[in-house]
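One-based numbering, in listed order, for ligands and for the atoms of each. Just so it is clear, the values below take in all heavy atoms, side chains as well, and ignore hydrogens, waters and symmetry mates. Positions are given from 1 along the sequence.
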Amino acid sequence: MAEITAPRGVRDVLPDESWKWAYVLGQFRQIADGFGFSEIHLPIFEHTELFCRGIGDTTDVVEKEMYTFEDRSGRSLTLRPEVTASTVRSYLEQNMASRPQPVKLWTAGPMFRYERPQKGRYRQFWQLDVEVLGSDSPLVDVEVIELSLELYRRLGMTNLEVVINSVGCPACRPAYREALRAYLRPHLGELCESCRSRFDRNPLRILDCKNPTCKAITEGAPDVMDSLCDECSGHFAAVRKGLDLLGARTHIDKRLVRGLDYYTKTAYEVLSGDLGAQNAVCGGGRYDNLAESIGGPHLPGVGFASGIERIVLTMEQQGCSFGREPALDAYVIAVDETARDEALKLLYALRREGLSADMDYQGRAMKAQFKSASQAAFACILGGDEVARSVVALKEMASGNQEECAFDGAAQVIRSRLGR
Ligand code: HAM
């Protein structure tokens, strides 16, 4: 029988890597907490309608990338391709408007998109996400952007570019869309097939096309900044001023439109110079009309999501530190059968004292036990002689230094040697 493998585009995150994820997640949690955000857990699947209406029917995500299925009662459900629409759904459903505003939330977890897998692009991937709901202040945009930058700073990431743009609002975007269509119309035949189909449905997405011909054509496209209404251009200026005040270096990219249709005003991305084609480590922006598009009242919001796989890839590439690789405090070694019971007692005594400890249950040879112990700070060696005298031979694995201590005092000695 053929061995079953994982589906294409998903990954197993093994212990060699999972500790790095834990480090990144820990730093993110600390920073988000420090910025006054609270954690929220949201469902992995939602009604398909939420994403169709929230993200937009004509986006690649909704048209081509969703994992949609019918449950046993015939409802159409979708594995979340992102978590912004879910956060807004939860805010409305849980009446978070009755809480002090704005509501500042963070979450982390897996997202699902049926994309062509490649380095840094998977069909199941993790996002670190923050959302601020209930404020239209440009200073909130600044806070969200600065939170992402603080995370990358704290993680030691460099060679990043922050690109920012305004995509306008329902008041000024239609005029820009028309100006763009007017500019592109004479070039329609030269555009790639997907851009030709975007022309009527979603022409702004053409600005984002990676095809060199489309790119060259859009080079001369009208500048979105020239079409912004007073409110949008005032908001953009205030966001830029705030970022300047904080010393955050950003570049305006007038072609940045983002792949999700809910954005209004601010859109931004953080690009890594060390990732190749899938270079966005972070994307976000403001979405003041998302709540209305899913049937709620007007609710301004702004947030970002950052792919943890891309963060870790960048950090590895740049030789960033992930903190200390987790190691056991102690590994208990029974030299022979006579010491096995005492070894087991010592193992659990150490664990009850809050030390991380392990031992071999298979009766493996000393050499194999010492190999396992090499991952620990200390080996606690017990043979017949030690058992008879109620002592433990304590070997510090890094230095090779060995000392003897009382069986009952082993936890305390290890703790003091570890400086805890
Ligand atoms: P997004 O740009 O679609 O935005 O995704 C955000 C980040 O998720 C990307 O910059 C990238 O780091 C990561 N990412 C996306 N797709 C993949 C993939 N297939 N494999 C690996 N990583 C991926 C959003 O999802 C919005 N919800 C962000 C947001 C929050 N906007 C406002 N609030």
Could you tell me, atom by atom, which parts of ligand 1 come under 4.0 Å of a heavy atom of G120? 20 (N), 21 (C), 22 (N)
Nearest 0.5 Å please: distance from the CG atom of L350 over to the CG atom of D358. 11.0 Å
So which protein heavy atom does atom 20 (N) of ligand 1 come closest to, and at what separation? Y122 N, 3.0 Å
Pair F28-W106, ring-ring contact (aromatic ring centres under 6.0 Å, His included): steps then yes or no: CA-CA 9 Å; F28 174 63; W106 71 266; 5.4 Å; yes
Ligand 1 versus Y287: contacting region, heavy-atom distance under 4.0 Å: side chain
So the atoms of ligand 1 within less than 4.0 Å of a heavy atom of Y263 turn out to be 26 (C), 28 (C), 29 (C), 31 (N), 32 (C)
Just which atoms of ligand 1 are under 4.0 Å from any heavy atom in C282? 10 (O)
Within the 4.0 Å heavy-atom shell around G284, which atoms of ligand 1 are there? 31 (N)
Taking D141 first and then R240, would you say they form a salt bridge - that is, a charged N and a carboxylate O separated by under 4.0 Å? no
The option among R286, Q127, E82, Q124 carrying the non-hydrogen atom nearest to atom 5 (O) of ligand 1 is Q127
For atom 9 (C) of ligand 1, what's the nearest protein heavy atom and its distance? A280 O, 3.9 Å
Counting from 1, what ligand 1 atoms have a heavy atom of E131 closer than 4.0 Å? 30 (C), 32 (C), 33 (N)
Which residue and non-hydrogen atom of the protein lie closest to atom 24 (C) of ligand 1, and at what distance in Å? L260 CD1, 3.5 Å
Closest protein heavy atom (residue, atom, distance) for atom 32 (C) of ligand 1: G303 O, 3.2 Å
Give me the nearest non-hydrogen protein atom to atom 23 (C) of ligand 1 as residue plus atom name, then the distance to 0.1 Å. F125 CD1, 3.4 Å
What protein heavy atom sits nearest atom 19 (N) of ligand 1, and how far away is it? E115 OE2, 2.7 Å
Between R417 and E396, is there a salt bridge with N-O shorter than 4.0 Å? no
L184 versus T218, closest heavy-atom pair with distance: CD2-CG2, 4.2 Å
Which part of R113 is near ligand 1, with near meaning a heavy atom under 4.0 Å away: side chain, backbone, both or neither? side chain
Please report whether the ring centroid of H187 lies less than 6.0 Å from that of Y183. yes
Under 4.0 Å from a heavy atom of G283: which atoms of ligand 1 are those, numbered in the order shown and with their elements? 10 (O), 28 (C), 29 (C)
OH (Y331) and CE (M359) are apart, to the nearest 0.5 Å, by 7.5 Å
Using a strict 4.0 Å threshold on nitrogen-to-oxygen distance, state whether E193 and R196 make a salt bridge. no
Pair E309 + K119, salt bridge at N-O below 4.0 Å: no
Give the atoms of ligand 1, by number and element, whose distance to some non-hydrogen atom of D129 is under 4.0 Å. 30 (C)
For ligand 1, which part of R258 has a heavy atom less than 4.0 Å away: the side chain, the backbone, both, or neither? side chain
Between Y262 and ligand 1, does any nitrogen or oxygen pair lie at a separation below 3.5 Å? yes
Dump the intermediate steps for side chain to side chain contact (heavy atoms under 4.5 Å, CB included) on I333 and C380, then the final yes or no. CA-CA 6 Å; I333 293 177; C380 302; over 6 Å; no
Counting each atom of ligand 1 from 1 as listed, which ones have a heavy atom of A305 under 4.0 Å away? 6 (C), 7 (C), 28 (C), 29 (C), 30 (C)
Measuring from non-hydrogen atoms of W126 to any atom of ligand 1, is the shortest distance under 4.0 Å? no
Using a strict cut-off of less than 4.0 Å between a Lys/Arg side-chain nitrogen and an Asp/Glu carboxylate oxygen, indicate whether E49 and R75 qualify as a salt bridge. no
Strictly distance-based, threshold 3.5 Å: is any side-chain N or O of R113 a donor or acceptor partner for the main-chain N or O of V61? no
Does F45 CZ have over 12 foreign heavy atoms under 6.0 Å away? no
So is G307 polar-close to ligand 1, meaning N/O to N/O under 3.5 Å? yes
Ligand 1-proximal atoms of V302, by part, heavy-atom distance under 4.0 Å: neither
